[in-house]
Peer 1: 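Got a structure for you, questions after.
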Protein chains: 2
Amino acid sequence: MGRHREFDLDKALDAALTMFWQKGYEGTSFEDLTRVTGVARPGLYAAFGNKEALFRKALDRYDAKYMTFMSDALGEPKVYDVIRRILEGSVKVQTLGGSSRGCLGVNGAVACSDEAEPIRQELIARRNATEAALRARLKRARQEGDLPPSADCAMLAGYVMTVSQGMAVQAKAGASKATLAAIVAHVLATWPSSASKRMRAAR
Amino acid sequence: MGRHREFDLDKALDAALTMFWQKGYEGTSFEDLTRVTGVARPGLYAAFGNKEALFRKALDRYDAKYMTFMSDALGEPKVYDVIRRILEGSVKVQTLGGSSRGCLGVNGAVACSDEAEPIRQELIARRNATEAALRARLKRARQEGDLPPSADCAMLAGYVMTVSQGMAVQAKAGASKATLAAIVAHVLATWPSSASKRMRAAR
DNA sequence: TCGTTTTAGTAATGGTCATTATAAAAAACT
DNA sequence: AGTTTTTTATAATGACCATTACTAAAACGA
């Protein structure tokens, strides 16, 4: 029934994702999107809806394609490995291919016009959901004795997210993978689960 | 010689600064600026130049008015107090008046269009200058025995900037002053200058 | 008081933005 | 082959963007 699409939906979405990742939601124009996807404007509208809908689809794809390390990390049995995989995974994605990518969840919209506010709120909600999942995982670790009984799980979850998002800003600004990896190593060395590791960090 | 200005230059610049702080460089329209300053478009152009020039002047004012804690901190004799004042000062500015401000240096532009790229580069340059100053201060501390001889000053400076910028993202997203203060306390407790403090953090 | 100088406000400018009518082209089904 | 359906590409739409002529008004010096 009818003519079929000449462009690949997934390829177009990947291209749009790359553009949003680089320039953020507001910084990306529809002309950018048509150029990078190779699809004329009406084609994008027909396939994905308007710019906001396209961004949300790109965001879903980003989660599915680049943020899987997060759920993998949460599944680690030892909390130290949870944190290690989260932070190492963050660095890997943020400096993918040696480029200065940062994180779409941060690049997308930090401060923006009123028009883009729904997108900013969406990104905040997703980051908060991630932090909540990590917080729950830390509480489990505390119950299991994998964290000290006095550990402030909410604070620690916020701390890890802070480091991850801070690295995202630095990565987008050009920080190298090695630079960020050193910071990750320091965070791990000062992680409150193992006294021996902290001793090593002191020297 | 001629009529004199009816509006206060400093007040207008402060108003523009507030707007840029909230919505970033690209997210702020000239209409926003005229509304919040109460000055008609040509008045702003005559007084400050175009939007980019106005942003740079607002950025200078931001440094002079809100970032003074940084040079104050660097002047502290003990490196622990340097870090403490940097992080506590960051939190104070980022949550000023209980609002979700974040940091102009981050909000201004993380990812943006090609047109705003010069502004993004300017912000990167300023953040790098801050990190370089901190790095130099840490090296001095290491020479003075205020940090372990093996301390990686470049990494530690990058780490502190990462935490500060990460908190800026979180503050803009609505994190409370208390939430951020708890994170700062953790960073200080794990700071590699004092073994006793690390012991306390373990419990 | 008169002319000069600078500001203020109105409104226009060209450009770009996201979004869509329109119409031609191509594939599928009858 | 003919009809229908869907996707293309061209190009138009109105809104908003930063920027600026232009005109009127106000304050200064003479």
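Below, chains carry the letters A, B, ... as their sequence lines are ordered, and counting in each starts from 1. Values below: all heavy atoms of this structure, side chains included; hydrogens, waters and symmetry mates excluded.
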Peer 1: Less than 6.0 angstrom from the centroid, inside 45 degrees of the normal: does Lys51(B) satisfy that with respect to the ring of Tyr25(B)?
Peer 2: yes
Peer 1: If the threshold is 4.0 Å, N to carboxylate O, is there a salt bridge linking Arg140(A) and Asp146(A)?
Peer 2: no
Peer 1: Counting any heavy atom closer than 4.0 Å, what does Thr28(A) reach on the DNA or RNA strands: base, sugar-phosphate only, or nothing?
Peer 2: sugar-phosphate
Peer 1: Do other residues, nucleotides or ligands put more than 12 heavy atoms under 6.0 Å from the NZ atom of Lys177(B)?
Peer 2: yes
Peer 1: Can you tell me how far P of dC17(D) sits from NZ of Lys23(B), to the nearest Å?
Peer 2: 9 Å
Peer 1: Are Arg126(B) and Asp60(B) ion-paired here, with the side-chain N under 4.0 Å from a carboxylate O?
Peer 2: yes
Peer 1: Do any side-chain nitrogens or oxygens of Tyr45(A) fall under 4.0 Å of OP1 or OP2 in dT19(C)?
Peer 2: yes
Peer 1: Can you measure Glu52(B) atom CD to dA18(D) atom P for me and round it to whole angstrom units?
Peer 2: 13 Å
Peer 1: Counting only heavy atoms not in Glu115(A) (residues, nucleotides, ligands), do more than 12 fall under 6.0 Å from its CD?
Peer 2: no
Peer 1: Which one, dA8(C), dC17(D), dT8(D), comes nearest to the side chain of Arg5(A)?
Peer 2: dT8(D)
Peer 1: For the pair made of CG in Leu54(B) and C1' in dC17(D), what is the distance, rounded to whole Å?
Peer 2: 16 Å
Peer 1: Atom CZ of Phe30(A) and atom C1' of dC17(C): how far apart are they, to the nearest Å?
Peer 2: 11 Å
Peer 1: Show the distances under 3.5 angstrom between N or O atoms of the protein and N or O atoms of nucleotides 9-15 of chain C.
Peer 2:
none

Peer 1: Can you find a side chain N or O atom of Asn50(A) that sits less than 4.0 Å from OP1 or OP2 on dT19(C)?
Peer 2: yes
Peer 1: Report the distance from atom CZ of Arg35(B) to atom C1' of dC16(D), rounded to the nearest whole Å.
Peer 2: 14 Å
Peer 1: Please report the shortest heavy-atom distance between Leu123(B) and Ala109(B), naming the atom on each side.
Peer 2: CD1-N, 3.4 Å
Peer 1: What pairs meet the salt bridge (charged side-chain N to carboxylate O under 4.0 Å, His left out) rule with one or both residues in residues 86-109 of chain A, with sequence neighbours excluded?
Peer 2: Arg84(A)-Glu88(A)
Peer 1: Determine, for Arg35(A) against Glu31(A), whether the closest basic-nitrogen to carboxylate-oxygen distance falls under 4.0 angstrom.
Peer 2: no
Peer 1: Are Arg56(B) and Glu52(B) ion-paired here, with the side-chain N under 4.0 Å from a carboxylate O?
Peer 2: yes
Peer 1: Grab the NZ-C1' distance between Lys51(A) and dC16(D) for me, whole Å please.
Peer 2: 13 Å
Peer 1: Using whole Å, what does the distance between atom C1' of nucleotide dA18(D) and atom OH of Tyr25(B) come to?
Peer 2: 9 Å
Peer 1: Residues from residues 105-116 of chain B sitting under 4.0 Å of DNA chain C, heavy atoms only?
Peer 2: none
Peer 1: Counting side-chain heavy atoms from C-beta on, which of dC17(C), dA28(C), dT20(D) comes nearest to His4(A)?
Peer 2: dA28(C)
Peer 1: Check the distance between dT20(C)'s P and Leu44(A)'s CG and give it to me in whole angstrom.
Peer 2: 13 Å
